[in-house]
Amino acid sequence: NYTKEKKVGEGTYAVVYLGKQLSSGDSIAVKEIKTSEFKDGLDMSAIREVKYLQELNHPNVINLIDIFMAYDNLNLVLEFLPTDLEVVIKDKNILFTPADIKSWMLMTLRGVYHVHRNFILHRDLKPNNLLISPDGLIKVADFGLARAVPGPREMLTSNVVTRWYRAPELLFGAKHYTYAVDVWSIGVIFAELMLRIPYLPGQDDMNQMEVTFRALGTPTDKQWPEVSSFPGYNKLQIYPSPSRDELRKRFIAATESALTLMENMLMMNPQTRWNTIQCLESEYFKELPAPSDPADIN
Amino acid sequence: YRHSSQFRMWSFTEKNLREKRKKTNERAIGTINEKLRKFIEDNKSSLTEEELQTLRVKASPLSMEEELQLINFYSKKVQVIAQHLNLPTEVIATSITFFRRFFLDNSVMEFDPKNLVHTTIFLACKSENYFISVDSFAKKAKSNREAILKYEFKLVESLKFSLLNHHPYKPLHGFFLDIQTILYGKVDLKYMGQIYDRCKKKITDALLTDIVYLFTPPQITLAIISMEDEQLISRYLELKFGKDISNNTDDQENGVNKEVKEVNKEEEGGVPEKVDDKHEPQNDIELNKLLTIISQCVDLLE
Amino acid sequence: DLHQRFEVDETKYNDPLVQELEKRKDYIASGFRTDFIYERVLTEAFM
């Protein structure tokens, strides 16, 4: 039913080919999961991709068209998505407007809301996991680190999310985190869209804390109860939280409600950080400019 | 739930469940008879009459019922071994579910169920984020990595790649909370705690049956709680979904609304607009239908 | 979901297993919230 025409990417556990779905003629991406590499049988990332994509069905989440075995390899047939948000941010030839940013944020938040509504944490949101379809739709992709929301007594690993997009509770080594870690990542992506450069580019895990707190202030028990109970808290350099004015200077193109949205997505205390519903219902998406029509974004 | 792979791929009526098993069994019988015929054909000269007779009598394939007995027997083994490995309740539940689903499309005459026991538990551990390396798993389960990994692919394929399961444990917790709300102050909390534990055990036993294909997790949960305390459940559901009681409140509310509407009419002197009732909690559960489903589920469980 | 068929009303729940977690420092610091747990199990019950 499908052809594999051109290799377009190789990851740790999979090779990605461009191909065609013979019945419809549509372009597809075939993610061929290498099986021999993983000494413990099927790779955990493959299991997660399969497990969660099978349950999700939303215009802003990558669509898993089919799965099949061939020559002892697991093949995921996914919709073809030619580019991603990282490419757009980096390519200075591409000019985009605040209305475009609003459109991308709206679609990203809708996709992640659908993931959270199905009680799934994505845990690796970053610009190059936000793919863009030929008609301009943002699609949340790469569920290789996803997992179901834990039960009350489950412990989670904090070693998730690509460093620059990693929430402070993860940097502190939290084991009982929530959807809030995904919202933090989207907040950093929002900042990056407005700045067009990475917002919190730490060189390593320690430096990531340094960079994060220098930009947004070192959290205290006052605004984040029990943050001081994290191991290593006492060694932190204390930085003041930026005033609204400083944020305005940093994000000159941002409106007041854009800053408010960003501030609440980058709220230090995960218990009070906005969830995707609060983000979607925020003033930012109600005020002008209206989000661009995805098909019109060049 | 209707979007879930569990509903889309793994919910059946008793009739099509039986047909599915019949088909699997007949396909296996066909293969075996073909092999037997070929074997006798190839060895006709060397086989003695007595051996031929033995083949005819002994080498008879299993019937569907016999297959199901074996599958039930080994499902229990999966549960016991997984419990012995101290795995969390949901991992044990997923192991049993994977095992039983595998043998819906595969016959025990094609795959010896003994060879799938460890593989289903191992895959359940990975799928439920309870990762154990195959080597340490092999040591604990007194098996070896080749045997464990041999059928992993085949298992994932037979599961139609649907790994996310909705077990009745979370609904048990959910109803445990909602009963406290609806019957607030009318239930003894210590008693509720005892019921909770007994129901949890019963749910694991229920997973060893076909109930999971025939009913949704919440229906199974309500059935199991009602087996513990039928009165508690009927009172709870009556209050929660009973139409007549809410009709009273509707009447009562309508009564109130009627007055409000009357007032509106006088004030505005116009035709009262229809007060849309979208804000009233939508009660789209047919209580009698739900009670019927629950009692069917109870009968099957018993 | 316009009508979820339930409301989370924590004042009415006696759920020692969950309630004792919300007092633990490591849970509070991680962002743990009991309403997330309740929302999840109630959704599974009424799905």
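Letters go in sequence order (proteins before strands), and every chain restarts at 1. Because the structure is a prediction, the values reported are computed rather than measured. Every heavy atom of this structure was used, including side-chain atoms; hydrogens, water molecules and symmetry mates were not.
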S.K.: Enter the distance from F153(B):CZ to I33(A):CD1 here, rounded to the nearest 0.5 Å.
M.R.: 8.5 Å
S.K.: Look at the side chain of K126(B) and the backbone N and O of I47(A), then say whether any donor-acceptor pair between them is shorter than 3.5 Å.
M.R.: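 Pair absent, no side-chain N/O of K126(B) close to backbone of I47(A).
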S.K.: Would you indicate whether D188(B), at its atom CG, is surrounded by more than 12 heavy atoms from other residues, nucleotides or ligands within a distance under 6.0 Å?
M.R.: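 Result for CG/D188(B): enclosed.
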S.K.: Are more than 12 heavy atoms, taken from residues, nucleotides or ligands other than K140(B), located less than 6.0 Å from that residue's NZ atom?
M.R.: no
S.K.: Return the CG to CG distance between N118(A) and L164(B), rounded to the nearest 0.5 Å.
M.R.: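 That separation rounds to 8.5 Å.
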S.K.: What residue in V50(A), L42(A), T157(A) has the most heavy-atom pairs under 4.5 Å with chain B?
M.R.: L42(A)
S.K.: L159(B) versus chain A, heavy atoms under 4.5 Å apart: side chain, backbone, both or neither?
M.R.: neither
S.K.: Among S4(B), P88(B), S162(B), S127(B), which has the most heavy-atom pairs under 4.5 Å with chain A?
M.R.: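 The answer is S127(B).
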S.K.: Rounded to the nearest 0.5 Å, how far does CD of E154(A) lie from CD of E90(B)?
M.R.: 8.0 Å
S.K.: At a 4.5 Å cut-off on heavy atoms, which part of E128(B) comes close to chain A: side chain, backbone, both, or neither?
M.R.: both
S.K.: Surrounding NZ of K20(B) (heavy atoms of other residues, nucleotides or ligands, distance under 6.0 Å), is the total greater than 12?
M.R.: yes
S.K.: Should we say atom NZ of K4(A) is surrounded by more than 12 heavy atoms from elsewhere, each under 6.0 Å from it?
M.R.: yes
S.K.: Might you point out which heavy atoms bring S133(B) and K39(A) nearest each other, and give the distance in Å?
M.R.: CB-NZ, 4.3 Å
S.K.: To the nearest 0.5 Å, how far apart are CZ in R145(B) and CG in D40(A)?
M.R.: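 Here the interatomic distance stands at 6.5 Å.
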S.K.: E55(A) side chain to S5(B) main-chain N or O, any donor-acceptor pair under 3.5 Å?
M.R.: yes
S.K.: Please indicate whether D112(B) has more than 12 foreign heavy atoms, meaning atoms of other residues, nucleotides or ligands, lying under 6.0 Å from its CG.
M.R.: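 Counting neighbours around CG of D112(B), more than 12 heavy atoms of other residues, nucleotides or ligands fall under 6.0 Å, so yes.
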S.K.: Which atoms of F131(B) are under 4.5 Å from chain A, going by heavy atoms: the side chain, the backbone, both sets, or neither?
M.R.: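 Interface part for F131(B): side chain.
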S.K.: Does any N or O in the side chain of Q54(A) come within less than 3.5 Å of the main-chain N or O of L163(B), such that one atom is a donor and the other an acceptor?
M.R.: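 Pair absent, no side-chain N/O of Q54(A) close to backbone of L163(B).
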S.K.: Is it the backbone or the side chain of Y130(B) that comes under 4.5 Å from a heavy atom of chain A, or both, or neither?
M.R.: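 Neither part.
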S.K.: Answer with side chain, backbone, both or neither: which region of R153(A) has an atom nearer than 4.5 Å to a non-hydrogen atom of chain B?
M.R.: neither
S.K.: A quick test of your reading: do over 12 heavy atoms of other residues, nucleotides or ligands sit less than 6.0 Å from NZ of K160(B)?
M.R.: yes
S.K.: Give, as side chain, backbone, both or neither, the part of L74(A) having an atom under 4.5 angstrom from any heavy atom of chain B.
M.R.: both
S.K.: Checking heavy atoms, do the side chain of L149(B), its backbone, both or neither come under 4.5 Å from chain A?
M.R.: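 It is the side chain, since no backbone atom gets that close.
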S.K.: Between K170(B) and chain A, which part of the residue has a heavy atom less than 4.5 Å away: side chain, backbone, both or neither?
M.R.: neither
S.K.: side-chain contact (heavy atoms from CB on, under 4.5 Å), that's the test. Do M69(A) and F161(B) meet it? Break it down for me.
M.R.: CA-CA 11 Å; M69(A) 298 288 194; F161(B) 309 100; 4.0 Å; yes
